[in-house]
Asks: 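Here it is: the structure, laid out below.
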Amino acid sequence: METIFSSVDVLIVGAGPTGLTLACDLARRNIKHRIIDKNTFYNVASRSKAIQPRSLEVVDDLEAIDYILDTGVVDLPVRYYTANDKSIDKPSITVSASSNLETPYRNPVWIAQFDVEKALRDRYALLGGQVELGIEAVKLVQDLNGVTVTVKTLQAEEQIHARYVVGADGGKSNIRKFIQLPLVGETYDDERWYLGDIQLEGLDRDRIHIWTSSEGMLGLTPLPKSNIWQLQATISAEIQNPAEPSLELYQTMLDQQAGTGRVKLTHASWLSIYRINVRMVECYHSHSVFLAGDAAHVHSPAGGQGMNTGIQDAYNLGWKLAAVLQGADTTLLHTYDEERRPIAQAVLEDSSKKIKSITATVTASESLSQSLSTISDDLTSGLPISYRSSSLTRSFTGENAPLLLPGDRAPNADMLQSKEFFGSIFDLLRGTHWTVLAFVNHTDPSVFENLSHDQVRLYCILPSDTERTDQIIDKAGNAYRIYNILNEELLFIRPDGYIALRTSIEESTSILQYLNFIYGSS
Ligand SMILES: Cc1cc2nc3c(=O)[nH]c(=O)nc-3n(C[C@H](O)[C@H](O)[C@H](O)COP(=O)(O)OP(=O)(O)OC[C@H]3O[C@@H](n4cnc5c(N)ncnc54)[C@H](O)[C@@H]3O)c2cc1C
């Protein structure tokens, strides 16, 4: 077999939602990279059914949101059927995030994972990228200059030398095994589920349908803008060796739960058995190899966090890899593990608690509806995630600490207006840059000329009662209120939308010092 040799700055292994998010971010930053996937075709399994508010903000920033909003639905009520053939209608399991989290996307969107992947792939194509299918990473060796990954296709072997490798290759990650980082945790041997993407006749597609009985639960969720339903059914702990999943088996289970002939299953595009693992790595990187998404952490689907945590891992890593490849100190990359691992730890704990309450109630509709009604909350929205204790965060040193502190996510505020602009804080943040939001009243914006830097955009935001028309005015007072601005102040926002520091205008040099800390003083 012929061996080809090549090199690239970043090699992404795995084109699921995590790898695709990173590929979009690197492509828009003009970083030389490749993304490979061992599959010869794109994923057709629905798996995740909901994208959370913080991930919606991420895909908005990556300009991949339109297809997701056009395809998904927000409101998906549930009909629970009881053993005596009665039914109870309940509202959607997902709930809006609290209004004080200030986002354009308070509601999770119900959408199949393959559609989220399509949205990211389409955006990636617009950025000039293309996933390389049918290429499997089979070996990895690190040296002082980077990493050599051996990949195989049906016809050839290639040795790709990369400065950095990102293993976004899912729960069974080979990249994780190559760098010898075990997934530490436990497997819930008794908690197994049958899963499938099914077509059927006999049900309205305007809601989720869930049957419960002493055997457990069976749920059918309509996947928006398709004729596919995701089937999920518990497997009783008493069954030692569950039968292989098949359309016939699922029909039999459904007949037992719903009554023979009530719903007819006609086709399956994905069949699987899922065993719950609650595990994560003890470090997200080894030298120049990074892990992201399911490669770094796996947990129960309760709360709908897996795909979302992966998307947000990639978004945290993307700008850091780009910065280091553009000259920043490599220690910046250590903050990826520092910031993201505690988030995964919290997700593991929360989703384990939630799956326990679900599995304890799967035999009775009323109690199951009760436990499912508590799985969506502010935590699962991802919006309150904060990096306050990160080494990238500069503590607030002024008097009267505001509610919104360095490390917190920069919230949105709308109704900003200037001669050329009408929009929101998120419109100002969208893109690859760092942002200075200068909340000024009397100070002439020209005093901030010293902050000019090719990675930074500065916007002066004036209060609503100002006379000036040459700057952005906070027409409705939303930005001043949401950012707790009492005096003239500067907020320095990271490329991934978190507040790095907030300081008085007299201390504007602290922003320069911060930039020097990241990029060096060039
Ligand atoms: C039933 C179910 C329900 C779920 N519900 C939710 C939910 O509601 N919300 C949520 O956020 N998450 C949910 N998840 C979890 C979600 O599906 C995963 O967390 C998500 O797929 C992880 O994305 P990833 O990109 O990290 O990995 P994956 O999607 O697994 O992608 C990894 C990719 O790497 C490729 N690959 C693997 N090895 C190699 C190799 N050696 N070389 C090249 N390529 C390779 C694979 O082919 C694959 O395409 C659910 C999962 C299941 C099973």
Side-chain angles (χ1 to χ4, degrees), residues 11-23 34-56 72 76 93-94 108-114 116-117 120-121 131-140 149-153 158 160 165-178 191-197 219 221 223 230-234 270-277 291-314 344 347-348 351 354-355 375-376 380-382:
L11 175 67
I12 306 168
V13 180
T18 305
L20 288 167
T21 301
L22 183 61
R34 289 172 64 180
I35 175 166
I36 60 167
D37 200 291
K38 68 178 181 184
N39 282 340
T40 50
F41 49 85
Y42 296 132
N43 167 42
V44 292
S46 59
R47 297 173 69 185
S48 163
K49 302 185 289 296
I51 179 161
Q52 300 286 354
R54 178 58 188 152
S55 301
L56 289 168
L76 196 53
I93 294 164
T94 49
V109 171
W110 291 92
I111 182 170
Q113 182 170 317
F114 53 67
V116 174
E117 291 171 11
L120 290 164
R121 257 191 333 261
V131 175
E132 297 176 55
L133 291 173
I135 304 187
E136 181 174 10
V138 293
K139 190 175 165 198
L140 180 152
V149 178
T150 306
V151 302
K152 273 191 174 157
T153 66
E158 183 177 355
I160 307 173
V165 169
V166 180
D169 50 344
K172 296 189 176 138
S173 169
N174 266 353
I175 300 298
R176 186 184 66 230
K177 288 169 198 150
F178 296 148
E191 284 177 29
R192 298 148 305 166
W193 295 69
Y194 281 121
L195 300 172
D197 286 343
T221 305
L223 301 174
Q230 189 188 76
L231 178 145
Q232 288 172 284
T234 47
W270 172 53
L271 295 163
S272 180
I273 288 189
Y274 176 70
R275 185 174 267 103
I276 293 175
N277 279 287
L291 298 174
D294 276 17
H297 44 73
V298 289
H299 49 81
S300 98
Q305 294 290 279
M307 174 183 76
N308 290 277
T309 312
I311 287 174
Q312 291 163 46
D313 284 346
V347 167
L348 257 63
S351 59
K354 285 172 174 161
I355 197 72
I375 63 168
S376 171
T380 55
S381 78

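Each ligand, and each atom within it, is numbered from 1 in the order the structure gives. Numbering starts at 1 and runs along the sequence shown.
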Asks: Identify the closest protein heavy atom to atom 31 (O) of ligand 1: which residue and atom is it, and at what distance?
Replies: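 Of every protein heavy atom, Gly16 CA, 3.6 Å lies nearest to atom 31 (O) of ligand 1.
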Asks: I'd like to know whether ligand 1 has Asn43 as a neighbour, heavy-atom separation below 4.0 Å.
Replies: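 Checking ligand 1 against Asn43, which is what was asked, there is no heavy-atom contact under 4.0 Å.
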Asks: Taking only non-hydrogen atoms of Ile135, do any sit less than 4.0 angstrom from ligand 1?
Replies: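 The answer is yes, since Ile135 has a heavy atom less than 4.0 Å from ligand 1.
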Asks: In the protein, what heavy atom is nearest to atom 8 (O) of ligand 1, and what distance, to one decimal place, separates them?
Replies: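 Scanning the protein heavy atoms, the shortest distance from atom 8 (O) of ligand 1 goes to Gly304 CA, 3.3 Å.
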Asks: Out of all atoms in ligand 1, which are within 4.0 Å of some heavy atom of Asp169? Include the element for each.
Replies: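 Counting atoms of ligand 1 from 1, those under 4.0 Å from Asp169 are 32 (C), 34 (O), 36 (N), 37 (C), 38 (N), 39 (C), 45 (C).
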Asks: Students should be able to answer this: which protein heavy-atom is nearest to atom 42 (N) of ligand 1, and at what distance?
Replies: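 Sorting protein heavy atoms by distance from atom 42 (N) of ligand 1 puts Ala137 N, 3.0 Å first.
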Asks: Should Lys49 and Gln230 be marked as a side chain to side chain contact (heavy atoms under 4.5 Å, CB included) after you check the CA-CA gap, both sets of side-chain angles, and the distance that decides it?
Replies: CA-CA 9 Å; Lys49 302 185 289 296; Gln230 189 188 76; 2.7 Å; yes
Asks: Counting heavy atoms only, which of Met307, Gln113, Lys49 is nearest atom 17 (O) of ligand 1?
Replies: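 Result: the heavy atom closest to atom 17 (O) of ligand 1 is in Gln113.
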Asks: Among all the protein's non-hydrogen atoms, which is closest to atom 13 (C) of ligand 1, and how far away is it?
Replies: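 Nearest protein contact, heavy atoms only, for atom 13 (C) of ligand 1 is Ser48 CB, 3.3 Å.
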Asks: Which one of Ile12, Ile35, Thr153, Ile36 satisfies the side-chain contact (heavy atoms from CB on, under 4.5 Å) criterion with Glu132?
Replies: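 When Ile12, Ile35, Thr153, Ile36 are each tested with Glu132, the side-chain contact (heavy atoms from CB on, under 4.5 Å) holds only for Ile36.
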Asks: Examine distances only and state if a side-chain atom of Thr21 and a backbone atom of Pro17 form a donor-acceptor pair shorter than 3.5 Å.
Replies: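 Looks like yes, one N/O pair under 3.5 Å.
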Asks: Is the backbone of Gly171 close enough, under 3.5 Å, to the side chain of Arg176 for a donor and an acceptor to pair up by distance?
Replies: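 Yes.
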Asks: Of all the non-hydrogen atoms in the protein, which one sits nearest to atom 1 (C) of ligand 1, and at what distance?
Replies: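 Here the nearest protein heavy atom works out to Leu195 CD1, 3.3 Å.
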Asks: Answer yes or no: is there a donor N or O on one side and an acceptor on the other, between the side chain of Gln305 and the main chain of Thr380, under 3.5 Å?
Replies: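 Yes, the answer is positive, given that a donor and an acceptor are paired below the 3.5 Å cut-off.
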Asks: Counting each atom of ligand 1 from 1 as listed, which ones have a heavy atom of Gly170 under 4.0 Å away?
Replies: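 Answer, ordered by atom number: 27 (O), 30 (O), 32 (C).
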Asks: At what distance, to the nearest 0.5 angstrom, does CG of Leu231 lie from CG of Leu195?
Replies: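 One gets 8.0 Å once the value is rounded to the nearest 0.5 Å.
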Asks: Just which atoms of ligand 1 are under 4.0 Å from any heavy atom in Tyr274?
Replies: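 Checking each atom against Tyr274, I get 53 (C).
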Asks: Would you mind running through ligand 1 and noting each atom that sits below 4.0 Å from a heavy atom of Thr18?
Replies: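 What qualifies from ligand 1 is 23 (O), 24 (P), 25 (O), 26 (O).
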Asks: To the nearest 0.5 Å, what is the distance between CD (Glu117) and OH (Tyr42)?
Replies: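 Glu117 CD to Tyr42 OH: 10.5 Å, rounded to 0.5 Å.
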Asks: Would you say the side-chain atoms of Asp169 pair up with the backbone N or O of Gly14, donor to acceptor, closer than 3.5 Å?
Replies: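 It does not hold such a pair.
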Asks: Just by distance, no angles: are the side chains of Thr94 and Trp110 close enough, under 3.5 Å, to form a donor-acceptor pair?
Replies: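 The criterion, which ignores hydrogens and geometry beyond distance, is satisfied for Trp110 and Thr94.
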Asks: Going by the order shown, which atoms of ligand 1 are within less than 4.0 Å of some heavy atom of Asn174?
Replies: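 That gives atoms 41 (N) of ligand 1.
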Asks: Heavy atom to atom 23 (O) of ligand 1, shortest distance: which of Gly293, Pro17, Gly382 holds it?
Replies: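 Of the listed residues, Pro17 has the closest heavy atom.
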Asks: Quick one: OG on Ser48 to CD1 on Ile311, what's the gap to the nearest 0.5 Å?
Replies: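 Going from the OG atom of Ser48 to the CD1 atom of Ile311 covers 7.5 Å.
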Asks: Should you measure from each heavy atom of Pro301, which atoms of ligand 1 turn up under 4.0 Å away?
Replies: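 That gives atoms 3 (C), 4 (C), 5 (N) of ligand 1.
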Asks: Determine, considering heavy atoms only, which of Ile375, Asp37, Thr94, Ile311 sits nearest to atom 33 (C) of ligand 1.
Replies: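 Residue with the shortest heavy-atom distance to the ligand atom: Asp37.
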Asks: Please check if the side chain of Ser173 supplies one atom and the backbone of Ile175 the other of a donor-acceptor pair under 3.5 Å.
Replies: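 Yes; at least one donor-acceptor contact below 3.5 Å.
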Asks: Heavy-atom distance to atom 4 (C) of ligand 1: which of Gln305, Arg47, Lys38, Lys139 wins?
Replies: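 Of the listed residues, Arg47 has the closest heavy atom.
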Asks: With heavy atoms of Ala168 as the reference, note each atom of ligand 1 found under 4.0 Å away.
Replies: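 Near Ala168, the atoms of ligand 1 are 32 (C), 33 (C), 34 (O).
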Asks: What's the shortest distance from atom 18 (C) of ligand 1 to any protein heavy atom, and which residue and atom give it?
Replies: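 Sorting protein heavy atoms by distance from atom 18 (C) of ligand 1 puts Asp294 OD2, 3.3 Å first.
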Asks: Tell me, yes or no, whether the heavy-atom count around Lys177 atom NZ, taken from other residues, nucleotides or ligands under 6.0 Å, exceeds 12.
Replies: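 Atom NZ in Lys177 is packed in, count exceeds 12.
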